[in-house]
Amino acid sequence: MTSEFASRELSEKDKARYDGDHLPNELSQFRRGSVSLLFDEVAYIATKERQRIAFDPDRFVQEYRSRGQDAFDDLDGQFAIALHDAASGRLHIARDTFGTRPLFIAHLPSGIAFSTTYAPLCKLPELHPAFDVAAVRAFIERGWAPAGLTFHRDIRPARAGFVEIFGHELHCLRRLQPQANEYTQPRDPLSSDELLSLLRRAVAESLQRSQGDIGVSLSGGIDSAAIAALLQEADPRRVIRSFTVGYGEEDREIQGGRATASHLGLEHHEIIVGAQDLASLMQQVVRVLGNPGGYDEFPCLFALWRDASRSVQTLFSGNLSDTLFGGMPYHRDLWLRMNDVRDDVSRKDQSGKGPKDLLFENLRQSLTDWDERIGAQTLLASRAELELVMPLSRRSLLDLSLRLPARQKVTECHVKSFFRESISSLLPPEILQRPKGIQQLRYDADMRDTLLELSRRYLTKDRVELHAIVSPDDVQACISESKDNFTKARFQTLWNMLIFEIWTDAFANAPSQSKPI
């Protein structure tokens, strides 16, 4: 049973047809009596001892039989899991808090089908061909389908951080631990030593479980630099290869990754992506994802993972640090609002006793409406036959971030201040003090010409009218304005339109069936 297996029985003909979309990250399977279990890279926390041990499917099924849904609260790390209980007729589907392992669900007339990839669900003969028009339009405007939606009306991601339970005329959700809504606004400061201890444990345990040669995805920032330093500290004798993707010698990502690798003595590799590479990369990425992100970093990351897979089997990433510890520009904006004496609304919490922690509220809301940008990265890496490991996905680190006051996350000088303080013994000041950067493509003449060439293929009047999502006049205006005024905003709108049209080639049904219904 592969990752493309749906929950209902498939004919041998169906299975053969799905083999062409096979990905290497297969779901492991286990059966004990009436309980069938499929799982993907889970870790387990012992119920009584509360110490982390490797996932044991036999033990998990025993826990499920004795505790029911509560057994899912013991899962930690990166996981996607499906448990079918034939005795009760119920299917349980669970994903980790950050959705690091992709899992999609299709609602069919006969029931529920699920898959770790998107394409097999699109091929199910029972699936009704219909766009989710609101999701597509939101994607074109913002670069991502809203949380819980895909371009297809009847396919959606399983909810990250929940166990979903399906049965006869039943569908309910149960939030997994830690439950962000149970936390109160943090006030007491935390020790940076606590975070460093948790980081060390998370990286060391992930390293012990990793297979084959290992590497680390290095950006120009401090998150990946910290992971690389912790890997080196956990096993100084192990060879660590590092990989950075960028657009040329002057790219800050290339410069920063090179400096970090040089300081740590890593075996470093650089991948340069130019405008001429994008047409092929865009199409490959959309076909792999099925539920595509509009972020222009994805084709570049896919190029990095494809190159890294030639040298390593496991690649470590510093993903999630910005979310947990306030590292994005909008976190800085929230902090400024909190500290503006003229903003009375943001300066009072619900009890009216003091400043309202907008960073804490933002984190709780993000966890409730988590989208698929992290799972998409894992899926792209798996296409390159690469295991992408995110040590920061541990729930102990999420618990700490939910207890961390805003005044420790962001200061006048830095975002992610507490994180920087915690790793100060691992890296020199010139790396620790790096400002936050966001990897994006260049908005130059070469990029403009590449997108306009793709537009001549994918954004024709006939195609746009066929799908009836945006008006041909709006598309033409975007193309015309891009020729003379190629701004970041214009680039992103044009990019998102192209991504959608590339998606229709890969996943929409015959033209006569593909109009929204």
Side-chain angles (χ1 to χ4, degrees), residues 1-5 15-29 38-43 55 77-81 95-96 99-104 115-121 206-218 224 227-228 231 238-245 266-273 277 280-293 297-319 372-391 393 506:
M1 185 178 296
T2 73
S3 60
E4 276 70 40
F5 186 83
K15 292 178 182 177
R17 186 169 75 249
Y18 298 158
D19 283 346
D21 296 302
H22 174 74
L23 286 177
N25 59 329
E26 296 184 356
L27 289 173
S28 302
Q29 61 176 320
L38 291 94
F39 56 95
D40 182 13
E41 291 299 313
V42 296
F55 181 75
Q78 298 176 233
F79 65 84
I81 187 167
R95 294 174 73 197
D96 64 76
T100 63
R101 299 284 174 173
L103 195 61
F104 296 96
S115 171
T116 55
T117 55
Y118 187 93
L121 297 179
S206 297
L207 185 59
Q208 289 175 355
R209 297 186 63 197
S210 63
Q211 302 294 320
D213 294 328
I214 66 166
V216 60
S217 176
L218 275 187
S224 56
I227 295 297
L231 285 169
R238 196 157 184 176
V239 175
I240 303 173
R241 297 175 174 88
S242 55
F243 303 85
T244 302
V245 66
L266 308 179
E267 183 182 304
H268 191 52
H269 304 258
E270 295 173 355
I271 301 94
I272 305 300
V273 176
D277 304 311
S280 173
L281 285 170
M282 286 173 73
Q283 294 172 80
Q284 292 179 64
V285 164
V286 171
R287 290 180 182 277
V288 173
L289 290 182
N291 185 36
E297 66 181 3
F298 275 15
C300 307
L301 290 174
F302 186 47
L304 182 151
W305 292 321
R306 190 176 56 188
D307 190 87
S309 68
R310 302 187 183 106
S311 306
V312 301
Q313 288 73 52
T314 301
L315 193 70
F316 284 77
S317 165
N319 273 339
E372 291 300 300
R373 72 190 72 185
I374 298 298
Q377 293 192 30
T378 306
L379 186 53
L380 284 172
S382 70
R383 175 61 83 186
E385 300 189 6
L386 193 67
E387 179 71 17
L388 189 62
V389 177
M390 305 178 194
S393 64

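Residue Ala376 comes nearest to Phe298 through the heavy atom pair CB-CE2, 3.6 Å, listed as atom of the first residue, atom of the second, then distance. The minimum heavy-atom distance between Pro102 and Leu379, with the atom names listed, is CG-CB, 4.0 Å. Taking all atoms of both residues into account, the shortest heavy-atom contact from Pro292 to Gly290 is CD-O, 3.1 Å. Ile227 and Ser317 get closest at one heavy-atom pair: CG1-O, 4.0 Å. For Val273 against Ala303, the heavy-atom pair with the smallest separation is CG2-CB, 3.8 Å. Shown here for Ala381 and Trp305, the closest heavy-atom pair between the two residues is N-CE3, 3.9 Å.
Going from atom CG of Leu301 over to atom CD of Gln377 covers 5.5 Å, rounded to the nearest 0.5 Å. Remark: Leu386 CG to Arg306 CZ distance equals 12.5 Å, nearest 0.5 Å. Separating the CG atom in Leu388 from the CG atom in Asn319 is a distance of 6.5 Å, to the nearest 0.5 Å. The distance from atom OG of Ser217 to atom CG of Leu315, rounded to the nearest 0.5 Å, is 5.5 Å. In this structure, CZ on Arg101 lies 11.0 Å from CZ on Arg95, to the nearest 0.5 angstrom. One distance of note links CD1 of Ile374 with CE of Met390; it measures 5.0 Å at 0.5 Å rounding.
Ionic pairing of Arg373 and Glu297 is not present here: no N-O contact between side-chain nitrogen and carboxylate oxygen is shorter than 4.0 angstrom.
A donor-acceptor pair is defined here as one N or O able to donate and one able to accept, closer than 3.5 Å; such a pair exists between the side chain of Thr244 and the backbone of Leu218. A donor-acceptor contact shorter than 3.5 Å is absent between the side chain of Ser206 and the backbone of Pro391.
Applying the ring-ring contact (aromatic ring centres under 6.0 Å, His included) criterion to Phe104, with sequence neighbours excluded, gives Tyr118. Taking Phe302 as the reference, nothing meets the ring-ring contact (aromatic ring centres under 6.0 Å, His included) condition, with sequence neighbours excluded. With sequence neighbours left out, Arg241 forms a side-chain hydrogen bond (donor to acceptor under 3.5 Å, both in side chains) with Glu267.
No side-chain heavy atom of Val239 sits less than 4.5 Å from a side-chain heavy atom of Asp213. Considering only heavy atoms from C-beta on, Phe243 comes within 4.5 Å of Val312 through its side chain.
Between Arg383 and the choices Leu289, Val288, Val285, the side chain to side chain contact (heavy atoms under 4.5 Å, CB included) rule is met once, by Val288.
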